[in-house]
There are 2 protein chains.
Amino acid sequence: MKKIEEGQGNNKAFTEECNVILNAVGDAMYAIGGKWKLRIIISIARGNKRFSELQRQIAGISGRVLSAELKELEANGFVLKKVAVGFPVLIEYELTPYSQTLEKVVESLVDWGKQHREKIKREFAEDK
Amino acid sequence: MKKIEEGQGNNKAFTEECNVILNAVGDAMYAIGGKWKLRIIISIARGNKRFSELQRQIAGISGRVLSAELKELEANGFVLKKVAVGFPVLIEYELTPYSQTLEKVVESLVDWGKQHREKIKREFAEDK
DNA sequence: CGGTATCCTGACCGATACTG
DNA sequence: CAGTATCGGTCAGGATACCG
């Protein structure tokens with residue numbers, strides 16, 4: 001009676017450890033996955049502070065969605081909303097220090113995204 | 001007449017460069033975003049090859065969704081489906097070399113996800 | 001300018017049952 | 001075992017109009 005046939009699929013400790021990894025990625029994607037969250041964070045990081053700047057910079061996002069996402073990001077501690085009294089009222093968004101922990105994630109995603117886009121372009125070119 | 005008030009929001013070259021970043025992240029999220037794709041890739045990378053192994057390892061995924069995602073991953077060049085003739089027919093999934101390019105992304109996401117989960121837990125504990 | 005309100009569609013996805 | 005078929009529900013997010 002073999003206990004492990006091949007691969008590590010039925011090794012208990014292995015399965016547990018794999019679950020830790022899987023949960024971590026799940027948590028990460030839950031927090032910053034979705035179409036817009038990371039893009040908004042990046043856009044703020046690169047100097048866009050105003051609502052309209054963000055909407056202009058992030059192609060395709062609607063006001064409704066940007067508004068909702070900013071609220072969520074604020075609630076989750078990624079973004080700070082600053083309201084300066086005066087006339088007209090000046091509203092600026094900025095990142096919290098916690099957003100800086102995303103640096104490596106963003107960097108690797110940008111790198112991969114660039115090379116992936118190149119790959120897709122090459123394949124498309126070959127398809128003719 | 002000031003040309004640039006403050007920040008870099010209206011600097012053209014800057015905006016362009018920011019768009020490159022934004023597009024890269026958009027492409028990446030389009031390809032490997034969503035609830036399951038990365039988890040499936042990770043799960044295969046860690047030795048799970050069979051359909052049922054994957055379904056067992058990836059908590060919460062239904063057969064229907066796993067099937068659809070595997071097809072998409074195959075079509076996009078991340079996964080290879082191997083069918084060994086015999087009885088019963090043995091079907092195994094494995095990663096293509098291209099999936100290896102995701103290593104850094106996965107690594108940073110796992111790291112961040114782990115610390116994020118810790119942060120959430122701490123905040124939850126404080127809330128009492 | 002910085003949003004909200006309303007409405008709506010389609011993508012995603014869970015459950016269940018069935019098949020070769 | 002490795003899926004497919006069908007159904008139905010939820011929800012992200014798009015369009016548009018409006019508001020202080």
Assign [X] to base, sugar-phosphate, or nothing according to its heavy-atom contacts below 4.0 angstrom with the strands shown.
X	value
A:Glu72	nothing
B:Tyr93	sugar-phosphate
B:Arg50	sugar-phosphate
A:Lys37	nothing

Looking at [N], I'd like to know if its phosphate oxygens (OP1 or OP2) sit under 4.0 Å from a side-chain N or O belonging to [X].
X	N	value
B:Lys81	D:dG3	yes
B:Ser67	D:dT4	yes
B:Lys71	D:dT4	yes
B:Ser52	D:dA2	yes

Rounded to the nearest Å, what distance is computed from the [atom1] atom of residue [X] to the [atom2] atom of nucleotide [N]?
X	N	atom1	atom2	value
B:Ile40	D:dG3	CD1	P	12 Å
A:Ile32	D:dA12	CD1	P	17 Å
B:Glu74	D:dG3	CD	P	9 Å
B:Tyr30	D:dG13	OH	C1'	15 Å
B:Gln55	D:dC1	CD	P	10 Å
B:Arg56	D:dA2	CZ	P	9 Å

Please table the atom pairs, donor to acceptor, closer than 3.5 Å between any side-chain atom in residues 70-84 of chain B and protein atoms at least two apart or in another chain.
residue	atom	partner	partner atom	Å
B:Glu72	OE2	B:Lys37	NZ	3.3
B:Asn76	ND2	B:Glu72	O	3.3

Item to check | First encountered from the 5' end of DNA chain C, between B:Gly60 and A:Phe51 | outcome: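 Whichever sits nearer the 5' end wins; that is A:Phe51.
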Item to check | Distance-only donor-acceptor test, A:Arg64 side-chain atoms vs D:dG13 base atoms, 3.5 Å | outcome: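 Yes, the side chain and the base share a sub-3.5 Å donor-acceptor pair.
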Next on the checklist: For chain A and DNA chain C, what are the first and last nucleotides along the strand, 5' to 3', with at least one atom under 4.0 angstrom from a heavy atom of the protein chain?
Outcome noted: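 That gives a stretch of C:dC1 to C:dT6.
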Next on the checklist: Taking A:Glu118 first and then A:Lys121, would you say they form a salt bridge - that is, a charged N and a carboxylate O separated by under 4.0 Å?
Outcome noted: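 Result for this pair is yes, salt bridge flagged.
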Checklist entry - Taking NZ, NE, NH1 and NH2 as the nitrogens, is one of them in A:Glu107 or A:Lys104 under 4.0 Å from a carboxylate oxygen of the other? => result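 No salt bridge links A:Glu107 with A:Lys104.
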Item to check | Terminal axes of the helix from C:dC1-D:dG20 to C:dG20-D:dC1 (five pairs each): angle between them, nearest 10 degrees | outcome: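 It works out to 50° between the end axes.
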Next on the checklist: Taking B:Leu102 as the starting point, is it possible to reach B:Leu95 by hopping between hydrophobic residues whose side chains are less than 4.5 Å apart?
Outcome noted: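 Yes; B:Leu102 is reachable from B:Leu95 via cluster members.
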